[in-house]
Each structure stands twice: as structure tokens, then as C-alpha cells.
Amino acid sequence: MKFATSVWYGDRPLRPTFEKARRLGFDFIELSLDYPWPDQLTSEEIGLLEKLKEEYGLEISFHGPWSGKVIFHPRDEISDACLKIYEKCLKFAEGFNPLYFNFHQIGHITTSSFEEIRRKIFNKALETTRTIVNFGRSFPVTIENNPSRLFGRPSDIKLLLDNISALNFCFDVGHAVVSKWEIQHAKGGSGEKLEIDDWLDLFKDRVLTVHLHDCLLGDNLKPIDHFVIGKGNLNFENIIRAIKKTSCRYVVLETFYTRKRVYASEEDLKNNLEFCRSLIR
């Protein structure tokens, strides 16, 4: 398996960020295209991306824009506008021969608790996901599970994967923990199996990418994700053992914090990468 660190607008300037990724021993980066990227990438930054493999020995993947998008919105005017942004991002990504392009069916619709609205949301999600996969036909496209009830259930993701054969799955470990809490604390709960092992067993032949990060769990409190491995409560020996039974080829360490609002250090990232590699071998 190949390992990545995530890179976003806040990681500028990019040159030292890429140098750090190489120094720590990562194989590739997952570059976020949340606003203002890719529109406001400078010519110098694009040049660095073009020479990423040559100068830094790093390959590249992309994470589609997260904020401000409701691709599954039943109003065509909204979903069509979101798709235009995705088309722009996917055309940009195509120029870099990416390992994959990952995205979420993310967003909030106040009336989504009503069954007739949910049916319209899922129909639109199928339609827009097919369109995004077709935009990215020259490289793999992955759908990621959300840290929420909507598209944070295995059955929601299964609907997309069962109906779109070219679609791959990006399993986010921490998001599964958060969505499990959300679902179990919602009115009516859920009869679905929601444990990490359940996700990986269900989608073992469709997993291309895994996002790894720890979660801080509390008594009846919503879990906090994106912690450095070892700073939360998850059992990563068991998690990685389950990942090894899947078709996963790429692992992204989305380990941002050691404590609430305290960012991970270079040493934290180095230790997490070495720990994961030692378990994967």
C-alpha cells in the first residue's frame, strides 16, 4: 500500500510542505481542491505540482471540494451549479495523472428527514455521481462516507456502489465512528451494522482508499475525529488487520490534532507513518 499526507490551502507555501512529505517518507499527497483552489493556484504552485514526482518522488491524488456544495440537491439549479465546479476540478486533476479523485455527496437539506425528500436526494445523488465518474473517466473516482447520517450509512454508500460499477470507495475510519454516533442518537436509530469491521467487510472488494485518523470518545459525547493515532481511543492494530483483507491500495493519514485545537507536529506524522507501515507489512 502507498501512504499519503493531505495537503490543503492552509499548508502553503507548498515547497516546504512537499519537502516535508518527502522527508517523512510519504509516497503521495492528497491535494484538497476546496476554495480557492484550483482557481487561485499560482503559476509557481502549478509548476511545483507538475514536478512533484520528478523533484520530490511524490505522486498525487485529489480531494474534491467539500464546503459550499450540495451535489445531491433535488433543485436542478443547485446541483447543476455544483457539477460545473466539479467538472472544472476534474479537468484540472486530469492534467496530473492522479492516482484517484475522491469526493463526498455532502450537504444539508432541512427536510431530508422526510422519506419522500430522501428518495429525491438519493435519485439525484445517483445521477450526479454518475456524471462525476464520467467526468473523471481517465482515472479512478472514489466516494467517501460522511461523518453524518446522510451518506454516512453503509446502505447509502452501497446504493451508489451497486449502481455505478466504475465507482470506488474511500473509507474514512473516523467518519464512520462519528456517523455511528449520529445515527444511534437520532430518532429511531438504525438496525444497520455500523462498526468499522462491518464497513470493511461489506465493501472489501470496492475499497481503493482509506483515510486514517483517531477519534476521541467520551461518555455520551459526540466523538471528535482527525486526531493523531494514539491520541484517541481506536484500536488501530485491529483496524489495519481488517484493512489488509480489503482491496485497499492507498492510505491517507488525516491526522491533524494531538489535542483539541493543537496541531500535530512533524514528529507525530513521522511516528504515525512508521507505525502504520509496520502493521501493513
Side-chain angles (χ1 to χ4, degrees), residues 33-34 61-91 93-94 98 100-172 175-176 178-180 182-183 186 188 190-194 198-211 246-248:
L33 294 182
D34 235 329
S61 64
F62 292 93
H63 194 301
W66 164 282
S67 60
K69 312 298 178 295
V70 192
I71 315 170
F72 57 62
H73 203 291
R75 290 192 191 276
D76 291 341
E77 298 93 334
I78 295 176
S79 59
D80 288 351
C82 293
L83 283 175
K84 286 180 182 178
I85 295 169
Y86 262 85
E87 184 175 16
K88 179 189 297 185
C89 289
L90 284 150
K91 283 183 177 178
E94 189 174 21
Y100 60 85
F101 185 102
N102 179 51
F103 80 105
H104 291 262
Q105 279 284 1
I106 195 74
H108 175 69
I109 297 177
T110 306
T111 52
S112 64
S113 59
F114 295 92
E115 183 58 33
E116 66 272 20
I117 305 300
R118 286 178 64 84
R119 284 197 298 270
K120 291 181 179 180
I121 287 171
F122 288 125
N123 287 338
K124 181 59 75 170
L126 273 170
E127 176 189 325
T128 54
T129 298
R130 283 195 186 97
T131 301
I132 289 170
V133 169
N134 288 334
F135 283 157
R137 57 188 173 274
S138 64
F139 46 83
V141 173
T142 61
I143 183 76
E144 181 177 344
N145 55 302
N146 293 337
S148 59
R149 283 176 281 163
L150 200 57
F151 294 99
R153 302 170 184 264
S155 57
D156 296 350
I157 300 298
K158 189 174 187 297
L159 173 73
L160 300 176
L161 291 170
D162 283 354
N163 285 278
I164 306 172
S165 60
L167 182 65
N168 300 277
F169 184 36
C170 171
F171 177 58
D172 190 297
H175 289 181
V178 176
S179 66
K180 174 188 170 185
E182 291 270 7
I183 292 163
S190 174
E192 288 189 68
K193 295 180 177 180
L194 301 170
D198 297 323
W199 281 90
L200 289 169
D201 184 58
L202 180 62
F203 298 115
K204 60 178 177 291
D205 297 326
R206 301 296 292 275
V207 174
L208 181 70
T209 306
V210 168
H211 285 178
T246 73
S247 55
C248 177

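Residue numbers start at 1 and run along the sequence shown.
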Write down the atom of [X], the atom of [Y], and the distance for their closest heavy-atom approach.
X	Y	value
Phe101	Gly64	CZ-CA, 3.6 Å
Ala93	Pro98	O-CD, 3.2 Å
Gly136	Leu90	CA-CD2, 4.1 Å
Trp199	Gly152	CZ2-O, 3.2 Å

Donor-acceptor list for residues 159-168 side chains, cut-off 3.5 Å, not counting sequence neighbours:
residue	atom	partner	partner atom	Å
Asp162	OD2	Lys158	NZ	2.6
Asn163	ND2	Leu159	O	2.7
Asn168	ND2	Val141	O	3.3

Hey, what do you get for [atom1] ([X]) to [atom2] ([Y]), rounding to the nearest 0.5 Å?
X	Y	atom1	atom2	result
Trp66	Phe103	CH2	CZ	13.0 Å
Asn102	Asp172	CG	CG	9.0 Å
Thr111	Ile117	OG1	CD1	4.5 Å
Ile132	Ile71	CD1	CD1	4.0 Å
Ile106	Cys82	CD1	SG	12.0 Å
Arg75	Asp80	CZ	CG	13.0 Å

By side-chain hydrogen bond (donor to acceptor under 3.5 Å, both in side chains) - contacts of Ser179 (at least two apart): none
Could you tell me which residues satisfy ring pair (Phe, Tyr, Trp, His ring centres under 6.0 Å) with His211, sequence neighbours excluded, listed by chain and number? none
Could you work out, with ring pair (Phe, Tyr, Trp, His ring centres under 6.0 Å) as the rule, every residue matching His73, not counting sequence neighbours? none
Residues forming a side chain to side chain contact (heavy atoms under 4.5 Å, CB included) with [X], sequence neighbours excluded:
X	result
Asp198	Lys193, Glu195
Thr110	His108
Pro65	Leu33, Asp34, Lys69, Ile85, Tyr86, Cys89
Glu116	Phe114, Arg119

[X]: salt bridge (Lys or Arg N to Asp or Glu O under 4.0 Å) partners, not counting sequence neighbours:
X	result
Lys204	Asp201
Glu182	Lys222
Glu127	Lys124

Less than 4.5 Å apart, any side-chain heavy atom of [X] and any of [Y]?
X	Y	result
Leu208	Ser247	no
Pro74	Ile121	yes
Phe171	Thr246	no

So does Ser155 get a backbone contact from the side chain of Glu192, meaning a donor-acceptor N/O pair under 3.5 Å? yes
Consider side-chain hydrogen bond (donor to acceptor under 3.5 Å, both in side chains). Of Asn146, Thr128, Asn145, which one does Gln105 pass it with? Thr128
Applying ring-ring contact (aromatic ring centres under 6.0 Å, His included) as the test, list every pair that has at least one member in residues 128-159; sequence neighbours left out. Phe72-Phe151, Phe122-Phe151
